[in-house]
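Chain letters run A, B, ... following the sequence lines, proteins first, then strands; residues in each count from 1.
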2 protein chains.
Amino acid sequence: MSKLVPKVPVPTVSGGSRRASYSASTKRALVDVAERLFAEKGYAATSLDAIVSGARVTKGALYHHFSGKQALFESVFERVEQEAAKRIQKSLRGEKDPWRKATVGLRAFLDVVQETTYRRIVIQDGPAVLGYERYREQEERSTFANIVEIVRATLDAGSWDLDEDMLQTFARIFFGAMSSAGESVATAADPEAAARRVEGAIGFLLAGVQSLVEQGVAMPSTLGDDA
Amino acid sequence: MSKLVPKVPVPTVSGGSRRASYSASTKRALVDVAERLFAEKGYAATSLDAIVSGARVTKGALYHHFSGKQALFESVFERVEQEAAKRIQKSLRGEKDPWRKATVGLRAFLDVVQETTYRRIVIQDGPAVLGYERYREQEERSTFANIVEIVRATLDAGSWDLDEDMLQTFARIFFGAMSSAGESVATAADPEAAARRVEGAIGFLLAGVQSLVEQGVAMPSTLGDDA
DNA sequence: TCGAAGTACGTACCAGCGGTATGTCGGATA
DNA sequence: TATCCGACATACCGCTGGTACGTACTTCGA
């Protein structure tokens, strides 16, 4: 049946063969539908049949473009991730003061993390499906990179000789804190109030760091230990 | 075959019928095996056949004791969770100073989170399998409760009128930070060094908060906003 | 003591899942 | 125009979680 209905290719302006255009179109359709279903029902509860039927193709097409369900998810993951990273980065433009950058970046992240698509695909299913290692690799090139940048700028304000590992650690901590906070914000009865509380809490932590910076307190290599 | 080999019941000292003893024994065997396999290969990659074969029973037995795979997981989850909570709570005994409590509690949590069983079952698979809501409900009664307690004691040091919501927010943030940090510690090339860095970083944040407390800085209701 | 009832499983089976092997058709290429 | 190959469609497979039903063993009341 679907054979009788000629598919409408995506109106690619550029050159390239007609066939390539059709191909890209169906591939994009698969990723589109998969993103929607993964976001709505989660990875495990979404069947390939549902995806290919939604994209009006068959499993043959899916397995022609992707090596399997996980590869398709990875494609969706990358897109969602890069979209989020772009939005955060955009909000950062123009801000010069590192502390302002941190504030603005936090707000942007809290916005992003409140969308079901990002939360479900990147935060919830991402680590479980890709495995933590692959997940981290992906993150390191996009949203997490933004966090690292902000943390770097912020901590550079105090002119310590802060090694890269420590910086990564700080970034990890903030990223984890914000992800967890985002989850609770998104599922809260009053998300806006919850978001304000999160901003307040993290802002307080930042103010604490800022205070130490101004006092010229050195970064500890470990926790105070009097044993 | 297994019918010919009489099962050895767990030597319950207490009363209760012989049959109940046998029953409890097989149930415990199921949870034991499930915990091992879930921790080793993850929830999705562990089949019920593998579990029942490991426990030397059949699916009939499993479905007699549990309503399904998820219910079995929940049973495992609870046990692992409570075990972890107990260990953290134990490490807290004797500590009186809230800042010391925070330090000790952090160390205990970092220890716990480095074990594959807790990490895989509670942190990785937990939210995805149970759903975030159920996951939060479970956590709220055990490990997370400890975090809340520590945060409460710490923030009470500065005598603000800190409302409960804000406290929960702080606890969520710290819990997320520590979970994420724990994951990176466990997968690091040098876990001990990574753990020290995490302790240093979070200790620094705590020091910042402490500094603000000593300065008598008030909790902000939101981030500084000059717009 | 002896049957009836219920518990604690075992057995057989099913629909749906991800994945694969193979067929087919139309556009690109020479 | 003949040929080839990419882009799918079709048919099928093994495995999975889950269910229906059968059965042996216990417990308990008469």
Any residue of residues 64-73 of chain B with a heavy atom less than 4.0 Å from an atom of DNA chain C: B:His64, B:His65
Mutual orientation of the aromatic rings belonging to B:Tyr43 and B:Phe38 [parallel < 30°, tilted 30-60°, perpendicular > 60°]: tilted
If I take atom [atom1] in residue [X] and atom [atom2] in nucleotide [N], what distance separates them, rounded to the nearest angstrom?
X: A:Phe38; N: C:dG18; atom1: CZ; atom2: C1'; result: 12 Å
X: B:Ile51; N: C:dC9; atom1: CD1; atom2: P; result: 16 Å
X: A:Lys41; N: C:dG16; atom1: NZ; atom2: P; result: 13 Å

Spell out yes or no: do the side chain of B:Lys59 and the base of D:dG17 have one donor N/O and one acceptor N/O closer than 3.5 Å? yes
If each of A:Leu48 and B:Lys27 is mapped to the nucleotide of DNA chain C with the nearest heavy atom, which maps nearer the 5' terminus, i.e. the 5' end? B:Lys27
Mind checking what makes side chain to side chain contact (heavy atoms under 4.5 Å, CB included) contact with B:Ala39, not counting sequence neighbours? B:Thr117, B:Ile121
Quick check on side-chain contact (heavy atoms from CB on, under 4.5 Å): which of B:Ile51, B:Val80, B:Leu72 does B:Glu35 satisfy it with? B:Val80
Are B:Glu149 and B:Gln89 linked by a side-chain donor-acceptor pair shorter than 3.5 Å? no
Within the structure, does a side-chain N or O atom of A:Ser23 lie under 4.0 Å from either OP1 or OP2 of D:dA7? yes
Distance check: side-chain N/O of B:Thr26 vs OP1/OP2 of C:dC9, anything under 4.0 Å? yes
Checking C:dT20, C:dG10, D:dA9 against the side chain of A:Tyr63 (C-beta onward), the nearest is C:dT20
Just checking A:Ser47: base, sugar-phosphate only, or nothing, at a heavy-atom cut-off of under 4.0 Å? sugar-phosphate
Taking the six-membered ring of A:Phe144 as reference, does the NZ or CZ atom of A:Arg172 fall below 6.0 Å from its centre and within a 45° cone about the axis? yes
What's the spacing between A:Thr46 OG1 and A:Phe73 CZ if we round to 0.5 Å? 10.0 Å
